[in-house]
Each structure stands twice: as structure tokens, then as C-alpha cells.
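Below is one structure, written out as C-alpha cells; the observations come after it.
To find a chain, count down the sequence lines: A is the first, B the second, and so on, and within it residues start at 1.
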There are 2 protein chains.
Amino acid sequence: MNQDPILKPEVILEHAARYCAEHGSKLTTKRRQVLASLITSKKALSAYDLAEASRHGAEATLLPMSVYRILRFLQSIGLVHRLATANKYVACAHIACDHAHTTPQFLICKICSDVKEVGVANSIIDSIASAAETTGFRLLNDQLELECLCSECAVPELGA
Amino acid sequence: MNQDPILKPEVILEHAARYCAEHGSKLTTKRRQVLASLITSKKALSAYDLAEASRHGAEATLLPMSVYRILRFLQSIGLVHRLATANKYVACAHIACDHAHTTPQFLICKICSDVKEVGVANSIIDSIASAAETTGFRLLNDQLELECLCSECAVPELGA
DNA sequence: CCAAAAAATGTTACATTATATCATTGCGCA
DNA sequence: TGCGCAATGATATAATGTAACATTTTTTGG
Ligand SMILES: [Zn+2]
Ligand SMILES: [Zn+2]
Ligand SMILES: [Zn+2]
Ligand SMILES: [Zn+2]
């Protein structure tokens, strides 16, 4: 679970609605539905996963095209992150706090797609950025994605 | 250019052929052709880019499926790296040296796909790995990909 | 040298991820 | 009320990648 397990999804969604308002947009029913799926999922989900989920017990059925549009919106205001290495999406882990989080670092379980979002120490980002500048490149993206094994999926490896 | 510009492609390909032999395989004509395209390209290329390139002046025309297979082989012995964030491929920048390089860090120009492969200080990797372990994740991948602007593409931004 | 085995490649089909485009709906506001 | 914009529906298509089996080429053992 990427979110603080103490908080219920409804509480997080309330924060998200306020966050949308601050950006001059609204957390519509369908946007809320997509975000709720991501918040309650233990794993990163693909757009097609989300479209499929909308056909089981959700309020509305969503076509993939709509899911992509909604994901793009949620990303644009920082409520959702896209994991480029997995072609999947996760809810930001900091929706319910001040949300002024530092550079995110995503630990992505190679086996089960479980994702943990943690902050990267500024010292590390500074090191990386300065290493880039010595080669003439300017660092743009503030997101690290790391292939990992989560604690559960690592267990079978012990016997290997 | 990702490779040392002092070295001619043929020299690098000679090293690659020896490297293949050390792994019990051969640098066939088509594998050499794909690798040569990557070595001489200033940018990261997609599998379909490489298939397309094979239709212009190359010895043999390659279907995308063959390109994927060849790329997978070249990756498996470390001659090629896949950039997951860009869905593109680059030749390793260290084919002609001892090739015992440290964890690679790829600076990828968002605009033109120019790529620079540099080593990451072990201290940084250690910091990242230990940060992961405190959350129960074991770091697997030894590759960082960073979205950047190269020096050329950064220029227009000055007036923005 | 020849035949069997293994490696490499050809070929077709298909799966997954993502975007383009135009039509339609819903909703706030003059 | 109805205009205008944001949101969504619907269809088609592009881009990326894999599966499965056939064929060719190379290696190897007799
Ligand atoms: Zn976040
Ligand atoms: Zn796992
Ligand atoms: Zn390399
Ligand atoms: Zn550039």
C-alpha cells in the first residue's frame, strides 16, 4: 500500500478534492473513481487495468481513452505519478499531508508491482544534478524509478 | 555521441566481437549491423527506428521482431542498454575499454534523445540501496535514467 | 564428408500501451 | 433560456512489444 494505512480512502479523497479546487478544476465522479482505485490498490495499475476495474462494482464504466485522459489530468496536478519503467500509474503517497514532497523515488517490485514512494535526500539529487552538469546536461526530471523486490517477493529468493 | 569519439566504429565493433566470443556467442552480421547503428547514432533509437534504418544502405533488411531479438541478445552480454523511460536503446559507452564499468547513469535529453552514459558514484548507489532497504525493498537494478536537456537543446530555453 | 543437434533468423499473428479526432453531454453563468 | 467551456463518449489508429512455429545456418560428432 502506497498510502498511509491509517487514513481511510474517503479522507484522502477529500484532500484530493480540495487540491483540485486549488488548481481551478474539479474532482468529478469519474476522476474520483480512478483516483480511488489507485489509492486502494496495493499495486501500480495500468490504464487498461483501471478501465477493467471500472467494470466491476464501480459507479461508472470507463473506456481506456477516458482513463488516459483522467490520468493525465490527475498527473498534471500531482495527485498521480506515472511509472515510466512499468507503464503503470500510482496515487501520490502524499495527497493527505502537505503534499510539498521532495523528489520522489519509487521502489517498484519487479514481481508484484508493489510500489513504495519515498523521498530522495536532497544531497543525492544534488550529487546527481552536478554530475549531469559536468557533461553539459541539465537535470529536468525529479523522479527516480528503481527496480526492486519487495519483502514478500524476496522470500522465495532465499532458497535459490 | 555516447561513444568515445576518438575510436572508430570498426574498432569498437572488434572489441564487441571479442566480447561476444567470451560469452560463447558470435557477433553475426546482423547483430553487428544493429550494434553499428547504435554506435554511430548520436541518439537513442527505438527498435522500430533500427528496423527502419536497416532499409537504407544497410547490408540486410531486418524486421522489428529480429531487431528485438538481437537487442535482447546484445543487452544480455552488456553491449547495449535499454532505456526504459524512453523505450529506446543505446550502445554501451564502455565497449572499447575494459568494460568493467560501475552502475550506469543515463542522462537522456528529453528533446533530441541524445544520451550520455556516466558512472554513478558508489556512495550514491549505497545511499539509495540503504534507503530502499529501510522500507523492506531490495534494490535490483543498477541503472539510473534521468530526464535532462542536453547543452544544445537547452539553449532555446534561455529566451523563454 | 555427412547427418544430427544447436543456434540464429524468418514469418505471422497477436497483445499491450497510447494517441488522434470528432461527436456529445453536462454545467455554470450572462 | 441558451451560450460557452470543460468533461466525457466513441471510434479509429499508432507505437511498442511478445508468442509461437517454420526455416536456415552453423557447429559438432561419427
Ligand atoms: Zn508523490
Ligand atoms: Zn513484490
Ligand atoms: Zn554501459
Ligand atoms: Zn537535446
Side-chain angles (χ1 to χ4, degrees), chain A residues 16-17 20-38 43-55 58-77 79-90 108 110 113 145, chain B residues 16-17 20-38 43-55 58-77 79-90 108 110 113 145:
Chain A
C20 278
E22 288 169 14
H23 285 76
S25 299
K26 298 172 44 170
L27 189 65
T28 64
T29 303
K30 309 195 175 182
R31 287 171 176 175
R32 166 184 282 257
Q33 179 177 317
V34 167
L35 184 57
S37 289
L38 289 174
K43 312 160 47 167
L45 299 175
S46 74
Y48 281 77
D49 289 338
L50 287 162
E52 178 62 26
S54 76
R55 288 212 282 277
E59 308 176 54
T61 293
L62 296 173
L63 293 175
M65 183 69 250
S66 298
V67 174
Y68 276 109
R69 259 192 304 236
I70 287 167
L71 287 172
R72 191 175 312 147
F73 165 77
L74 293 172
Q75 279 180 82
S76 73
I77 62 173
L79 292 174
V80 158
H81 298 292
R82 173 177 140 84
L83 303 178
T85 56
N87 293 324
K88 292 184 193 303
Y89 302 81
V90 289
I108 308 167
K110 180 185 190 176
S113 292
E145 300 181 33
Chain B
C20 279
E22 288 169 15
H23 285 76
S25 299
K26 299 174 43 171
L27 189 65
T28 65
T29 303
K30 307 193 178 183
R31 287 170 175 175
R32 166 184 281 257
Q33 178 178 316
V34 168
L35 185 57
S37 290
L38 289 174
K43 312 160 49 167
L45 299 175
S46 75
Y48 281 78
D49 289 337
L50 288 161
E52 178 62 26
S54 76
R55 288 212 283 277
E59 308 175 53
T61 294
L62 297 172
L63 293 176
M65 181 72 251
S66 299
V67 174
Y68 276 112
R69 256 193 307 235
I70 288 169
L71 287 171
R72 193 173 309 146
F73 164 77
L74 294 172
Q75 278 180 84
S76 73
I77 61 174
L79 292 174
V80 158
H81 299 291
R82 172 175 144 84
L83 304 178
T85 56
N87 293 326
K88 292 183 194 300
Y89 302 80
V90 289
I108 307 167
K110 179 186 190 175
S113 292
E145 300 182 31

Completion exercise
All heavy atoms of A/Leu83 vs all of A/Val90, minimum pair found to be CD1-CG1, 4.0 Å
Practice task
Would you indicate what A/Arg31 reaches in the nucleic acid, counting non-hydrogen atoms under 4.0 angstrom: base, sugar-phosphate, or nothing?
Solution key: sugar-phosphate
Practice task
Write down the distance between CG (B/Asp49) and C1' (D/dA15), rounded to a whole number of angstrom.
Solution key: 11 Å
Exercise for the section: Determine whether A/Leu71 and A/Leu38 make a side-chain contact, defined as any pair of heavy atoms from C-beta on separated by less than 4.5 Å. Expected result: yes
Practice task
Compare the minimum distances between each of C/dT17, D/dG9, C/dG10 and the side chain of A/Leu63, then state the nucleotide with the smallest one.
Solution key: D/dG9
Handout entry: Donor-acceptor contact below 3.5 Å, side chain B/Arg31 vs main chain B/Leu74
Key = no
Problem - Nucleotide C/dT16, atom P - distance to CG of A/Leu50 in whole Å - result: 15 Å
Exercise for the section: Nearest whole angstrom, please: distance from the P of C/dA8 to the NE2 of B/His23. Expected result: 13 Å
Problem - Between C/dA8 (C1') and B/Gln33 (CD): distance, integer Å - result: 15 Å
Handout entry: Residue-phosphate contact under 4.0 Å: B/Arg72 side-chain N/O, D/dG17 OP1/OP2
Key = no
Problem - Donor/acceptor link under 3.5 angstrom from B/Arg69 side chain onto base of C/dG10 - result: yes
Problem - Side-chain N or O of A/Thr28 closer than 4.0 Å to phosphate OP1/OP2 of D/dT8 - result: yes
Exercise for the section: Taking only the side-chain nitrogens and oxygens of B/Ser66, find out if one of them lies under 4.0 Å from OP1 or OP2 of C/dT9. Expected result: no
Problem - Pairwise side-chain contact, B/Leu62 with B/Leu50, heavy-atom cut-off 4.5 Å (strictly under) - result: no
Handout entry: B/Arg32 CZ - C/dT9 P separation (whole Å)
Key = 13 Å
Handout entry: D/dT16 phosphate, OP1 or OP2, under 4.0 Å from B/Lys88 side-chain N/O
Key = no
Fill in the blank from the handout: Looking only at C/dG28, D/dT27, C/dT19, the nucleotide nearest the A/Met65 side chain is C/dT19
Exercise for the section: Taking only the side-chain nitrogens and oxygens of A/Lys26, find out if one of them lies under 4.0 Å from OP1 or OP2 of C/dC27. Expected result: no
Problem - Distance, rounded to the nearest Å, where A/Leu62 contributes CG and C/dA18 contributes C1' - result: 17 Å
Practice task
Flag the pair B/Ile77 / B/Glu22 as yes when at least one side-chain heavy-atom distance between them is below 4.5 Å, and no otherwise.
Solution key: no
Exercise for the section: Could you check if a side-chain atom of A/Lys88 sits within less than 4.5 angstrom of a side-chain atom of A/Ser113, using non-hydrogen atoms only? Expected result: yes
Practice task
Select one nucleotide: of D/dG17, D/dG9, C/dT9, the one nearest the side-chain heavy atoms of B/Ile70.
Solution key: C/dT9
Problem - Sugar-phosphate, base or nothing in reach of B/Tyr48, heavy atoms under 4.0 Å - result: base
Handout entry: A/Thr29 vs B/Pro64, nearer the 5' end of DNA chain D by closest nucleotide
Key = A/Thr29
Problem - For atom NZ of B/Lys30 and atom C1' of C/dA8, their distance in whole Å - result: 9 Å
Completion exercise
Here the distance between atom P of D/dT16 and atom CD of B/Glu52, to the nearest Å, is 12 Å
Exercise for the section: Please check the phosphate of C/dA18 (OP1 and OP2 only) for any side-chain N or O of A/Tyr89 closer than 4.0 Å. Expected result: yes
Handout entry: Side-chain N or O of A/Asn87 closer than 4.0 Å to phosphate OP1/OP2 of C/dA18
Key = yes
